[in-house]
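Treat the numbers as computed from the prediction; the structure is a model and nothing was measured. In this chain, residues are counted from 1 in sequence order.
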Amino acid sequence: MRRYSLQVSEPKPAKDAALVSALAKELNPEQLAVATAGGGPILVLAGAGSGKTRALTYRVAYLLKSGVPADQILLLTFTNKAAREMLQRACEVAGLQRGRLDGGTFHHVGLRFLRDHTEKLGYGATFTILDREDAGDLLAACVVDAGIDPAAARFPKSEVLAELYSKAVNTRTTIHETILDHYKAFEAQTDAIIKVLVQYVQKKRALSVMDFDDMLLEWRRLFVEHPDVGERFAAQYKHVLVDEYQDTNRLQGELCDLVSQVHKNLLVVGDDAQSIYGFRGAARENILGFSETHPGCKIFKLETNYRSRPEILALANASLQRARSGYEKTLRPTRDHGMRPALVRARDEQQQASFVAQRILELRDEGMALDDISILYRAHYQSLELQIELGRRGIPFVVRSGVKFFETAHVKDVLCAMKSLYNPQDELAFRRVLRMLPGVGHAAAEKLFQAINGGQDVHAAVPKRSQRAFATFWTLYSELKDGARSPAELIDRYVRDFYGDYLQVTYDQAEMRKDDLSRLAEYAAQFATLEAFLADVALVNEISSEHLLKGAARDEAVVLSSVHQAKGLEWRAVFVIWLADGKFPSQPSIGSPDAEDEERRLFYVAVTRAMDELYLCWPLTTVDRSRRQVLMQPSRFIVELQRPAGADELYEAWQLEEAFTDSVPRLDGTQAPALPGRSSEES
């Protein structure tokens, strides 16, 4: 693996000394060097919390004040809001009106360009953009036109087809390669999937419509197939600036080069140490190879951190030094010293959740607002116990990594199946389960439900095209209903023998959803009966909406987030939970150097979200679905930071007392209710 040690460019004296002197009052020397750099390709390596947005904003202002016309500057970002705010601030600094200053997301800019040239690409004089629902409807129509019966073939539904197509477009790979790499379960249907997607592309052109990914794909095609048009577009922009360059995929990386091909003044800002979206198709090689693919590239580093206490940065730097590849950088603190990060070993996941909730209460008593506190985790399913515990304590929270655990569609699907096993007369739950069968809609589900509960011939009520699938389902359902199995065993069997296939063809991000269902089974393992498990889930949902915080500001809430969703944000206090090997880093990444390195970067991102206080938490044990205790090892990202005896420690080990019980204080001063129905084996 390669470590990148590069010669950082020294700033050259700018022509307008007065302008530089004015900017020097607003920027540190690193930021000033970026803002006043000359032309040509420029790579800015911006560490976490180093003020890269400020540097980029003042770069635009400097160009404007130096005489570059506003309409010759293009700023590419990942959100239109970021572009608007940067451009507005740049104009304020430069003392100019916004005028024709141009910027926005790749899609926003590409769409404007395509509007004038669609006929060259085989579309009509005008075209419209399909939203996700419309794109799904068109894909479903293409499946029918291809002569495929989704019910018989267990063919991927439109949502999954759209995800597959998008991944292929943005990673610049073929459909066949994408299926082999990411959708192995559909390998036998590769030819049929390609047939459907070819029709999808043809129909879009015939209807003069584009989906979200076409805005980039067709933009690139216009440059490649009509170079004269592309060169005229590129000639408009003397300077092109790109934010969050480490998150660009291969297609976006190509577009950056194409839009700057005439003047060659391309400035990109990013941090390879925060490249964490490989699963979405982000190409880290864009930033790692930038200096090699852009001859004459100047490199600047932003390493002065304005966010975190020195103790937090010391831990972050030490972790980053153990990465196998990447540019060398060291974050330097500007803030005063504070507490060392706390390493908190809990007895199990329940005690971990109890500690976090209790410490949040203490922080609020010390004057910290709930909005200044975040709980971060590697995967959404790891927030289950925290959501339950915060609900019990009346602590308001928002979930940035998705909807609340028990409200996700796939979890509700499985819970409805468990409800129908426990109570076959629960019509709402049972009909939802029956509608998962291919070819069974609302009317057929109602007819089937009446037959099942009315003692009629069930098989006679099954639509002809659904009989085979129903026979398999009914055999499994009858076996599960009549057998004596624990809640965890019921969930496992149901997912393995029926729901898993439905999940694969119905939902995007199927593997992440399967992780959620595995965690649901593990959670269910602490209950001896299905009745107790369902009662617990109902109570959890109920107490989450009971009286919440007394005296809190309106909408004040703790933030629960996956680390991926937290990138770019900051909080005064951050709890990182489930820091155990196999959880963070994730089990599939262990043993793969590249995957493990991305997990380490994810840990680095999590740590650098904290401003004042950082808590690194891991449970010593957990209970598997067989209700056996499993010993957990601390994350290798923690173990590798242990210092030799006598050296200053990067973190402080906290010892928890065994005083965390079901009877705990709530934020309003009352006692939180105990959750009934727990197995006697619960600690």
Side-chain angles (χ1 to χ4, degrees), residues 38-42 60 63-64 67-77 80 83 87 99-130 165-166 168-174 198 200-243 245 248-268 283 286 289-290 292-297:
I42 298 173
V60 175
L63 293 174
L64 291 170
V68 179
D71 59 1
Q72 292 182 16
I73 300 173
L74 176 64
L75 175 63
L76 293 171
T77 63
N80 284 318
L87 295 176
R100 297 174 61 191
L101 201 58
D102 205 353
T105 65
F106 285 86
H107 296 85
H108 175 78
V109 174
L111 178 59
R112 292 205 323 269
F113 180 41
L114 288 169
R115 289 285 184 200
D116 298 327
H117 304 286
T118 50
E119 292 181 350
K120 293 181 182 295
L121 297 172
Y123 294 84
T126 59
F127 71 96
T128 52
I129 301 299
L130 296 172
Y165 174 77
S166 179
V169 167
N170 288 290
T171 57
R172 307 292 293 134
T173 53
T174 66
V198 167
Y200 177 58
V201 171
Q202 292 171 344
K203 280 201 170 188
K204 285 187 292 183
R205 290 179 186 168
L207 297 171
S208 197
V209 297
M210 293 185 191
D211 62 25
F212 197 63
D213 296 301
D214 290 329
M215 285 186 261
L216 300 189
L217 185 63
E218 297 297 291
W219 184 12
R220 177 191 176 278
R221 190 161 75 92
L222 192 56
F223 268 99
V224 172
E225 297 181 5
H226 302 276
D228 56 323
V229 176
E231 287 178 12
R232 285 200 303 273
F233 177 85
Q236 296 177 53
Y237 299 107
K238 191 171 183 179
H239 289 271
V240 178
L241 303 91
V242 185
D243 192 19
Y245 189 67
T248 55
N249 56 42
R250 287 183 61 189
L251 178 55
Q252 290 165 330
E254 290 179 26
L255 287 168
C256 290
D257 294 339
L258 289 169
V259 298
S260 61
Q261 62 180 297
V262 174
H263 299 289
K264 307 293 185 182
N265 295 324
L266 174 63
L267 182 147
V268 301
N286 286 352
F290 188 83
E292 296 176 0
T293 56
H294 297 78
C297 172

Tightest non-hydrogen contact, residues Val259 and Cys256, listed as CG2-O, 3.4 Å
Hits for side-chain contact (heavy atoms from CB on, under 4.5 Å) against Thr248, two or more places apart or cross-chain, chain-then-number order -> Phe78, Phe106, Tyr245, Gln252, Asn286
Smallest heavy-atom separation, Ala83 atom then Gly103 atom, equals CB-C, 4.1 Å
| Checking Asn265 side chain against Gly40 main chain: does a donor-acceptor pair fall under 3.5 Å? | yes
Exercise for the section: Classify the angle between the aromatic ring planes of Phe113 and Phe223 as parallel (below 30°), tilted (30 to 60°) or perpendicular (above 60°). Expected result: tilted
- Task: Check whether any side-chain heavy atom of Arg205 lies under 4.5 Å from a side-chain heavy atom of Tyr123, and answer yes or no.
- Result: yes
Quick note, salt bridge (charged side-chain N to carboxylate O under 4.0 Å, His left out) partners involving residues 226-241, not counting sequence neighbours, are Asp228-Arg232
In terms of heavy-atom contacts, Gly110 and Trp219 come closest through CA-CE3, 3.4 Å
Tell me if a side-chain donor or acceptor on His239 pairs with a main-chain N or O of Leu63 at a distance below 3.5 Å. no
Side-chain donor-acceptor pair under 3.5 Å between Tyr165 and Asp211, yes or no?
no
Distance col, row Leu111:CG vs Ile129:CD1, nearest 0.5 angstrom, shows 5.0 Å
Between Leu121 and Glu218 the two heavy atoms that sit nearest each other are CD1-O, 3.7 Å
For Pro295 and Pro41 the tightest heavy-atom approach is O-CG, 3.6 Å
Residues 103-116 vs salt bridge (charged side-chain N to carboxylate O under 4.0 Å, His left out), sequence neighbours excluded, gives Asp102-Arg112
Between the CG atom in Asp213 and the CG atom in Leu251, the distance rounded to the nearest 0.5 Å is 8.5 Å
For residues 249-268, the salt bridge (charged side-chain N to carboxylate O under 4.0 Å, His left out) pairs (sequence neighbours left out) are Arg172-Glu254, Arg220-Glu254
So CG of Leu267 and CD1 of Ile42: to nearest 0.5 Å the spacing works out to 4.5 Å
CE (Met215) and NE2 (His108) are apart, to the nearest 0.5 Å, by 11.0 Å
Show the numbers, then the answer: is there a side-chain contact (heavy atoms from CB on, under 4.5 Å) between Leu222 and Phe233?
CA-CA 11 Å; Leu222 192 56; Phe233 177 85; over 6 Å; no
Here the pair of heavy atoms bringing Ala234 nearest to Gln261 is CB-CG, 3.7 Å
Residues at least two apart in sequence or cross-chain that pass side chain to side chain donor-acceptor pair (under 3.5 Å) with Thr118, listed by chain then number, are none
side-chain contact (heavy atoms from CB on, under 4.5 Å) filter on Thr128, not counting sequence neighbours, yields Val209
Criterion side-chain contact (heavy atoms from CB on, under 4.5 Å) on Val169 and Leu216, from CA distance to verdict: CA-CA 9 Å; Val169 167; Leu216 300 189; 5.9 Å; no
